[in-house]
Engineer: 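Sharing a structure below in structure tokens format, with a few things to ask.
Counting starts at 1 for both ligands and their atoms, following the listed order.
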Amino acid sequence: MSKRVAILISGGGSNMLTLVRSMTGDHPARPVLVVSNTPDAGGLAKAADMGVPTAIVDHRPFRGDRVAFEQALHETLIAARPDIICLAGFMRILTPGFVARWQGRILNIHPALLPKYRGLNTHARAIEAGDDAAGCSVHLVTAELDDGPVLGQTPVPILPGDTSDTLAARVLSAEHRLYPAVLRQFAAADPASRPA
Ligand code: GAR
């Protein structure tokens, strides 16, 4: 039976789009829900256009009460019964309590070669450090930010004259190839053989 995938976004949702498009034919998973924490996320309309159910769990009315926001998010997810949750440009930090409820089932894409450059402004930090390469990583989400086991990585060269914008665009193209490949492999694997 196909694995059920929920995708969490905050913005344009280009990674979400590539994941949804990949889940056809003999792919072991299907998209069942796209959730955004921002009502104006561009990705919501794109998901709806592709026939994927969407939901909004706006974090702002919770006014910093992260646990209450996550309870609402959890209830929205429970209703969709996902086997796998993909964070795809989802810009809220998840608490250890939320992660524990979905342990081993949340993937994230991060625009850096982890363990380098956890957190934000990854491209500017890589350029500033004089690195030869940047890249992207898909990892399992654990209680620590951007710290779970890495499931796949793609290095991307940093070219002379790169700005964080030009580098981000080149890394994003690599993200669009990496995330669907890792999701396919993850969905096909026996859950008992996955990293915890
Ligand atoms: C992507 O580059 C993703 O790696 C990054 O946000 C962008 C979202 O683009 N995620 C993070 O920085 C997570 N900390 P998208 O909405 O077009 O997929």
Engineer: Which is closest to atom 17 (O) of ligand 1 by heavy-atom distance: S14, G13, A88?
Structural biologist: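 Answer by nearest heavy atom: S14.
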
Engineer: Where is the nearest protein heavy atom to atom 8 (C) of ligand 1: which residue, which atom, and how far?
Structural biologist: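 Looking at atom 8 (C) of ligand 1, the protein heavy atom closest to it is G89 CA, 3.6 Å.
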
Engineer: Does CG in D49 sit with more than 12 non-hydrogen atoms of other residues, nucleotides or ligands closer than 6.0 Å?
Structural biologist: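 Yes, the 6.0 Å shell around CG holds more than 12 heavy atoms from other groups.
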
Engineer: Distance-only, no hydrogens or angles: does the S137 side chain make a donor-acceptor pair with backbone N or O of L114 under 3.5 Å?
Structural biologist: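 Yes.
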
Engineer: What protein heavy atom lies closest to atom 3 (C) of ligand 1? Include the residue and the distance to one decimal.
Structural biologist: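 Looking only at protein heavy atoms, the one closest to atom 3 (C) of ligand 1 is E175 OE1, 3.3 Å.
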
Engineer: What is the nearest protein non-hydrogen atom to atom 12 (O) of ligand 1, stated with its residue, atom name and distance?
Structural biologist: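 So the nearest neighbour among protein heavy atoms is P111 CD, 3.5 Å.
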
Engineer: Go through the side-chain N and O atoms of S10 and N37 and say whether any donor and acceptor fall under 3.5 Å apart.
Structural biologist: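 There is such a pair (donor and acceptor under 3.5 Å, judged by atom type) between the side chains of S10 and N37.
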
Engineer: Please list the nearest protein heavy atom to atom 13 (C) of ligand 1 with its residue and the distance rounded to 0.1 Å.
Structural biologist: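 For atom 13 (C) of ligand 1, the nearest protein heavy atom is M91 SD, 3.7 Å.
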
Engineer: What do we get for L172 next to ligand 1 when only non-hydrogen atoms under 4.0 Å count, side chain, backbone, both or neither?
Structural biologist: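 Answer for L172: side chain.
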
Engineer: Give the atoms of ligand 1, by number and element, whose distance to some non-hydrogen atom of G12 is under 4.0 Å.
Structural biologist: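 Close to G12: 16 (O).
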
Engineer: Do R170 and D162 have side-chain heavy atoms sitting under 4.5 Å apart?
Structural biologist: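 Yes, side chains in contact.
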
Engineer: Would you give the length of the straight line joining atom CD of E175 to atom OG of S14, rounded to the nearest 0.5 angstrom?
Structural biologist: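 If I round to the nearest 0.5 Å, the distance is 7.0 Å.
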
Engineer: Does any donor atom in the side chain of H110 or T122 lie under 3.5 Å from an acceptor atom in the other side chain?
Structural biologist: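 No donor-acceptor contact under 3.5 Å links the two side chains.
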
Engineer: Measure the distance from atom 14 (N) of ligand 1 to every protein heavy atom, then report the residue, atom name and distance (to 0.1 Å) of the closest one.
Structural biologist: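 I find the closest protein heavy atom is H110 ND1, 3.9 Å.
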
Engineer: Judged by non-hydrogen atoms, does I109 sit under 4.0 Å from ligand 1?
Structural biologist: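 The answer is yes: ligand 1 sits under 4.0 Å from a heavy atom of I109.
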
Engineer: Is R30 salt-bridged to D83, going by a charged N under 4.0 Å from an acidic O?
Structural biologist: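 Judged by the 4.0 Å cut-off on N to carboxylate O distance, R30 and D83 do not form a salt bridge.
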
Engineer: Would one find an N or O of D146, backbone or side chain, under 3.5 Å from an N or O of ligand 1?
Structural biologist: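 Such a contact does not occur with ligand 1.
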
